[in-house]
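First comes the structure, then the notes that go with it.
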Protein chains: 4
Amino acid sequence: MARPKVQEQQRAHLAAAARRAIVTHGLAHVRIRDVAEAAGMSPGTVTYYYRQLDELFQQIYEDAVDRFHRQRAQAMQRQADPAGKLLAAIDAGLPEGQDDELCCLLYEFSPQARRRPGEAALRRGLFDQQAQLYADLLAAGADQGAFALALPAAEAARNLVALEDAYAYHIIAGTSVTRGQARDYLVGYASYATGTDLKRRTPSPRRADEIAGCVADHG
Amino acid sequence: MARPKVQEQQRAHLAAAARRAIVTHGLAHVRIRDVAEAAGMSPGTVTYYYRQLDELFQQIYEDAVDRFHRQRAQAMQRQADPAGKLLAAIDAGLPEGQDDELCCLLYEFSPQARRRPGEAALRRGLFDQQAQLYADLLAAGADQGAFALALPAAEAARNLVALEDAYAYHIIAGTSVTRGQARDYLVGYASYATGTDLKRRTPSPRRADEIAGCVADHG
Amino acid sequence: MARPKVQEQQRAHLAAAARRAIVTHGLAHVRIRDVAEAAGMSPGTVTYYYRQLDELFQQIYEDAVDRFHRQRAQAMQRQADPAGKLLAAIDAGLPEGQDDELCCLLYEFSPQARRRPGEAALRRGLFDQQAQLYADLLAAGADQGAFALALPAAEAARNLVALEDAYAYHIIAGTSVTRGQARDYLVGYASYATGTDLKRRTPSPRRADEIAGCVADHG
Amino acid sequence: MARPKVQEQQRAHLAAAARRAIVTHGLAHVRIRDVAEAAGMSPGTVTYYYRQLDELFQQIYEDAVDRFHRQRAQAMQRQADPAGKLLAAIDAGLPEGQDDELCCLLYEFSPQARRRPGEAALRRGLFDQQAQLYADLLAAGADQGAFALALPAAEAARNLVALEDAYAYHIIAGTSVTRGQARDYLVGYASYATGTDLKRRTPSPRRADEIAGCVADHG
DNA sequence: CATGAATGAGCATTCATTCAT
DNA sequence: AATGAATGAATGCTCATTCAT
């Protein structure tokens, strides 16, 4: 902790501003001035804290990947039984709406994966982590007798994550599929995969503090 | 007496060059010079044919959306029975590999949908068209007795497209899921949805001339 | 007459188009393409006939200066008595309206006089010629006993031209002074200068063929 | 802690440089680089202070119109009697010489009035203001018994301004009429209009500090 | 004779970056 | 610590000009 505390606070404040600026203007078009304006600072101050803007963006992407996974893992831990965990996982995986910052960020960065090996690895890790969460849950549920798996846990897990990813895009892009439909489709697929009827269960909405934490300034 | 007009040829040549340039450098970073170099022309010539670069990019996106759909519809028409059509559709929907130009293009443009209403509409149309292809096929197969649908055709169709979209991204981004795995997962889901075992059928690979035609320079 | 007749025709056609283009877009902003469009030709053809656009513009200016003077001299010759000639001169000196091509052209070129010695000389010659017309007329009228000059003919002549120039600008710029007012002021001043009441005389409107000739294509 | 703001100073410095550049190169041909060189700055700095070059030019025109009027109004106020005011007005209305910056600017902008409604309004306002100055002065002089008007004050006032405008052009364009002649003609006309002999009065030359103030760099 | 194709010089403008304060 | 000033590299775009047909 060599850096003074106030420096860290400012860097976190700038990171939050940069997230907002990326979502607003798009990663492709965000300028230093946009970040500065979102932070209520001058453009000079942004480069004062982040000499290279790429450094800031890279950190934001890594944070987003990490946060997305931790958020979902926590949501699952809050539930006791496998079915509850499964529904919690689905709800945590879908964006709240068209402006869900975390999901928007992940999609803004996605085209870069093809060209930047580091980001491809990050993206791969994110997918594998999510799939592993589902796979572990399915396996555990099957062990406990709660689930009667219709297909291998790994395959079902990957399909669940894939469906989430695709529908999440449509939700934030504002195209054909609404969040409610996406949730229904996912619950439907999960029901098939686990041999249980998850549709009868009450939905477990994301808690307010999670949502706030998602966009909160770390400082 | 005057020079013959070759505008259309050159515009097509430039569009092909621009597609390559976008895939190579990313939509966010392509410069006029990149397009010019890919076309073997001077930067001035690019703006001679496309006064605004946006005009060119927009046309490329619209073409890509259109081509993706037509390509798949044609692949399905070549097959006689519902199961064959279904497998053809799946194969036509997945990218050939990490450098599949058409799929790369679609993913390069995808983050813009959130901000550009026109592109969101285009993207929505693409999803709806693809889903409709599947939905019609599933319904027809059910009518003929070939399929015993496990869920509503519309829902199954959307899930198939969603799975394709998600796995296509992983294939071109080079992350966890290979094309072979993706195909297996999709065939598996299609088998479940249609109540038929599609895995035993011989794959119907995309024909070589289709692939060539997809990226060919028309000039 | 070494040049073929058709060449001369085309050059005259282009000059007329250039005049229209200058009046429409302003000398400062006129582009080769504007001239080409006004002529219904391609930009390449314009440079084919006028290698340097300046050459064309210079010719247009010289023509305009010449035409303005000849037009007025002719209008005066058509009248028999001094008073009629004076009124004819005034009417020939004022623009028909906001779009009077000849006057607009002269004003478009006027700022260049300060920097281009040749154009300053041209402009000087135009003023002197006009003043001479008036001075000769005033002197002749005084000799004949028709006018009783209130001040030296040369001074009165220059003032008449100056008033014309200034009011002409307001007419084509569409500012405070209308053509009718400008004419009244000029007639008023001429009445004072000549010691005659010119206001009672019927106006001698510019003849239709003059107006047509003013904007006509020389070819 | 932050740097002090010196924007206003620099903007004024740049405006002065732009005025010089316009007079030197002509409004039609000034480039950002010309302004930058005149200001001793880099081209980037010009756009730093004025994002759109038009913005700077528009401001310069508005300032010029305003300054021209205020300068003359002040010159008139310095004189006590109507005849003195009249002579002061005439002297303030004519350019000092061929390089009178303020007059050159007004003539550089004049062709644009036909095409830009805003500039036409500005130009109209300038004419009306000047004419009003004269009209008020003539009417006041007539009331005091100093002047015996030979024609309506409004008409005489407009003619005075028109003569000034026209002769001013010849002075800065360096054509036939010298400043001395122009002044004599104007004084002659004013004498006629007011029924007084203004020629016997000592001329009231523009004061040196006014001239300096007119072109001075405020930075 | 005429023009469409192609180019490169020239331009305004954007923007990250440096620096003095 | 923070920022306004200043700059120059980069870029899209305009446009006169050249040239092949």
Side-chain angles (χ1 to χ4, degrees), chain A residues 3-4 6-7 9-11 14 29-36 39-54, chain B residues 1-11 13-14 29-36 39-56, chain C residues 3-4 6-7 9-10 14 29-36 39-54, chain D residues 1-7 9-11 13-14 29-36 39-56:
Chain A
R3 228 187 296 251
V6 67
Q7 276 246 6
Q9 278 180 10
Q10 292 291 58
R11 287 173 69 92
L14 274 170
H29 301 112
V30 108
R31 298 162 302 156
I32 284 192
R33 178 179 302 174
D34 299 322
V35 177
M41 292 168 154
S42 81
T45 308
V46 177
T47 52
Y48 175 75
Y49 282 102
Y50 289 92
R51 187 54 64 106
Q52 303 297 334
L53 209 57
D54 273 358
Chain B
M1 205 165 290
R3 293 191 67 162
K5 294 190 183 184
V6 293
Q7 292 247 358
E8 282 314 307
Q9 281 176 34
Q10 294 292 64
R11 286 172 74 92
H13 177 66
L14 273 169
H29 301 111
V30 202
R31 296 162 306 152
I32 283 192
R33 179 177 304 171
D34 299 323
V35 177
M41 292 167 152
S42 82
T45 308
V46 177
T47 58
Y48 172 73
Y49 285 101
Y50 291 92
R51 295 300 272 274
Q52 311 293 337
L53 207 56
D54 272 0
E55 185 191 339
L56 170 57
Chain C
R3 229 187 294 252
V6 67
Q7 276 246 6
Q9 278 179 11
Q10 291 289 56
L14 274 170
H29 300 112
V30 107
R31 300 162 301 155
I32 283 192
R33 178 179 300 175
D34 299 322
V35 177
M41 292 168 152
S42 80
T45 308
V46 177
T47 52
Y48 175 75
Y49 282 103
Y50 290 92
R51 188 53 63 105
Q52 304 296 334
L53 210 57
D54 273 0
Chain D
M1 205 167 291
R3 291 191 68 164
K5 294 190 182 184
V6 293
Q7 291 248 359
Q9 280 176 35
Q10 293 294 63
R11 285 173 75 94
H13 178 64
L14 274 169
H29 301 111
V30 203
R31 297 162 303 154
I32 283 192
R33 179 178 304 171
D34 299 322
V35 177
M41 293 167 151
S42 83
T45 306
V46 178
T47 57
Y48 172 72
Y49 284 102
Y50 291 92
R51 293 301 270 274
Q52 311 293 338
L53 205 56
D54 271 1
E55 183 190 340
L56 170 56

Before giving the answer on side chain to side chain contact (heavy atoms under 4.5 Å, CB included), spell out for D:Tyr49 and D:Glu55 the whole-Å C-alpha distance, their side-chain angles and the decisive distance to 0.1 Å.
CA-CA 10 Å; D:Tyr49 284 102; D:Glu55 183 190 340; over 6 Å; no
Would you name the heavy atoms of B:Ala39 and B:His13 that are closest together and state the gap between them?
O-NE2, 3.0 Å
Within this structure, what is the CD-CD distance for the pair B:Gln10 and B:Glu8, rounded to the nearest 0.5 Å?
10.5 Å
Which heavy atom of A:Ala36 sits nearest to which heavy atom of A:Ser42, and what is that distance?
CB-C, 3.7 Å
To the nearest 0.5 Å, what is the distance between NE2 on C:His29 and CZ on C:Arg31?
10.5 Å
Using heavy atoms to find the nearest nucleotide of DNA chain E for B:Val46 and C:Val46 separately, return the residue whose nucleotide is more 5′.
C:Val46
Side-chain N or O of D:Gln10 versus OP1/OP2 of F:dG4: is the shortest distance under 4.0 Å?
no
F:dA1 P sits how many Å from A:Arg11 CZ, rounded?
12 Å
Spacing between B:Glu8 atom CD and E:dA5 atom C1', to the nearest angstrom
14 Å
Looking at A:Gln7, I'd like to know whether one of its side-chain N or O atoms comes within less than 4.0 Å of OP1 or OP2 on F:dA1.
yes
Assuming nearest nucleotide by heavy-atom distance, tell me which of D:Ser42 and A:Thr45 is located more 5' along DNA chain F.
A:Thr45
Might you point out which heavy atoms bring A:Leu14 and A:Thr45 nearest each other, and give the distance in Å?
CD1-O, 4.3 Å
Using a 4.0 Å heavy-atom cut-off to protein, can you give one letter per nucleotide of nucleotides 12-17 of chain E, 5' to 3': B if the base is in contact, S if only the sugar-phosphate is, - if neither?
SBBSSS
Go through DNA chain F and write down every stem, that is, every run of at least three consecutive Watson-Crick or G-U wobble pairs with distances under 3.5 Å, as range with range.
E:2-21 with F:2-21
Round to the nearest Å and state the distance from A:Met41 atom CE to F:dG4 atom P.
12 Å
Atom pair CD/OH of C:Gln7 and C:Tyr48 - distance to nearest 0.5 Å:
5.5 Å
Report the distance from atom CD of D:Gln9 to atom P of F:dG4, rounded to the nearest whole Å.
16 Å
Atom pair CD1 (D:Ile32) and OG1 (D:Thr47), whose distance is rounded to the nearest 0.5 Å:
5.5 Å
